[in-house]
**Student:** 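Mind looking over this structure? Questions follow.
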Amino acid sequence: MGDSNDFFEKVYAVVRQIPEGRVSSYGAIAKSVGAAKSARMVGYALHASIQNGVDIPAHRVVNRNGLLTGKFHFFSDTLMEQMLHAEGVLVENDRVVDFKRLFWNPSEHINDLL
DNA sequence: CGGATGACGGGTC
DNA sequence: AGACCCGCCATCC
């Protein structure tokens, strides 16, 4: 079953691997599930996860610059930042402080999943 | 059916 | 650094 539902499940599986206090990006996740050119679809999948109440740490996914581009899709527009802050990730002007250091690359841990 | 619309990213200026 | 463009592709209208 290589349909879009499959893609969603793969994305969710990867997002669940992001450790507490760390963050990843749409593009990095897209690569790790073998769809490097579909970073946009990762965002789409995360949006769907919230609508469907899927239990994944979607707040740990930001864009390539560490910007909280998805914050408006949470129940409150400050929830994403609050959740990150609760696990020790600081945010300033919608950007993850020390993004490079906190960045978690799924492809370097691919052996742990699929 | 065709154009617009995104939780994007790489490249260029 | 920041603005801009273009490729990408499922979904929407």
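Values below: all heavy atoms of this structure, side chains included; hydrogens, waters and symmetry mates excluded. Reminder, nothing fancy here: chain letters follow the sequence lines and each chain counts from 1.
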**Student:** When you measure from the side chain of A:Asn105 to the backbone of A:Ser107, do you find a donor-acceptor pair of N or O atoms at a distance under 3.5 Å?
**Tutor:**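 Confirmed, A:Asn105 side chain pairs with A:Ser107 backbone.
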**Student:** Using the P atom as the reference point in each nucleotide, state the distance between B:dA7 and C:dG2 in Å, no decimals.
**Tutor:**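 Taking atom P in both B:dA7 and C:dG2, they lie 22 Å apart.
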**Student:** Could you run down the sub-3.5 Å N/O contacts of the protein with nucleotides 2-5 of chain B?
**Tutor:**
none

**Student:** State whether a side-chain donor-acceptor pair under 3.5 Å links A:His59 with A:Glu87.
**Tutor:**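 There is such a pair (donor and acceptor under 3.5 Å, judged by atom type) between the side chains of A:His59 and A:Glu87.
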**Student:** Between A:Thr69 and B:dC8, is there a side-chain N or O to OP1/OP2 distance below 4.0 Å?
**Tutor:**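 A:Thr69 to B:dC8 OP1/OP2: side-chain N or O found under 4.0 Å.
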**Student:** Quick check: does any side chain N or O of A:Ser38 sit under 3.5 Å from a backbone N or O of A:Arg40, one acting as donor and the other as acceptor?
**Tutor:**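 Absent.
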**Student:** Roughly how many Å is it from CG in A:Leu46 to P in B:dA7, rounded to a whole number?
**Tutor:**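 So the CG-P distance, A:Leu46 to B:dA7, works out to 11 Å.
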**Student:** Please report the distance, rounded to the nearest Å, between OH in A:Tyr44 and C1' in C:dC8.
**Tutor:**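 Rounded to the whole Å, the gap is 15 Å.
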**Student:** Just so I know, are the side chains of A:Leu79 and A:Met83 near enough to count as touching, which here means a heavy-atom distance under 4.5 Å?
**Tutor:**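 Yes, at least one pair of side-chain atoms sits under 4.5 Å.
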**Student:** Whole Å only: how far is the CD1 atom of A:Ile50 from the C1' atom of B:dA7?
**Tutor:**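 For the pair A:Ile50 CD1 and B:dA7 C1', the rounded distance is 9 Å.
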**Student:** Check the distance between B:dA7's P and A:Leu84's CG and give it to me in whole angstrom.
**Tutor:**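 So the two atoms are 18 Å apart, to the nearest Å.
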**Student:** Heavy atoms, side chains only, cut-off 4.5 Å: are A:Trp104 and A:His109 in contact?
**Tutor:**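 The answer is yes, as the side chains (C-beta and beyond) meet within the 4.5 Å cut-off.
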**Student:** Are the side chain of A:Asp98 and the backbone of A:Arg101 linked by a donor-acceptor contact shorter than 3.5 Å?
**Tutor:**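 No.
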**Student:** How is A:Leu68 classified with respect to the nucleic acid when contacts are heavy atoms under 4.0 Å: base, sugar-phosphate, or nothing?
**Tutor:**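 Answer is nothing: A:Leu68 stays at 4.0 Å or more from every strand.
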**Student:** What N/O pairs connect the protein and nucleotides 9-13 of chain B at under 3.5 Å? Give each pair on its own line.
**Tutor:**
| unit_1 | atom_1 | unit_2 | atom_2 | d |
| --- | --- | --- | --- | --- |
| B:dG9 | OP1 | A:Tyr26 | N | 3.4 |
| B:dG9 | OP1 | A:Gly27 | N | 2.7 |
| B:dG9 | OP2 | A:Arg64 | N | 2.8 |
| B:dG10 | N7 | A:Arg64 | NH1 | 2.2 |
| B:dG10 | N7 | A:Arg64 | NH2 | 3.3 |
| B:dG10 | O6 | A:Arg64 | NH2 | 3.3 |

**Student:** Under 4.0 Å between any heavy atoms, over every strand shown, what does A:Ala58 touch: base, sugar-phosphate, or nothing? Just pick one.
**Tutor:**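 Base contact.
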**Student:** Expressed in angstrom and rounded to an integer, what is the separation of A:Gln51 atom CD from C:dT11 atom P?
**Tutor:**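 Taking atom P of C:dT11 as the reference, CD of A:Gln51 is at 12 Å.
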**Student:** Quick check on A:Gln51: does its CD atom have over 12 non-hydrogen neighbours (other residues, nucleotides or ligands) under 6.0 Å away?
**Tutor:**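 More than 12 heavy atoms, drawn from other residues, nucleotides or ligands, come within 6.0 Å of this atom.
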**Student:** Whole-Å distance between B:dC8 C1' and A:Met41 CE?
**Tutor:**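 Rounded to whole Å, this separation is 9 Å.
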**Student:** Tell me whether the count of non-hydrogen atoms from other residues, nucleotides or ligands lying under 6.0 Å of CG in A:Asn52 goes above 12.
**Tutor:**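 Yes, the 6.0 Å shell around CG holds more than 12 heavy atoms from other groups.
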**Student:** Could you state the atom-to-atom distance from CZ of A:Phe99 to C1' of B:dC8 in whole Å?
**Tutor:**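 Distance, rounded to whole Å: 12 Å.
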**Student:** Would you say A:Arg22's side chain and A:Leu102's backbone share a donor-acceptor pair under 3.5 angstrom?
**Tutor:**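 Yes, the answer is positive, given that a donor and an acceptor are paired below the 3.5 Å cut-off.
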**Student:** To the nearest angstrom, how far is A:Met80 atom CE from B:dA7 atom P?
**Tutor:**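 Checked: the CE to P distance equals 12 Å.
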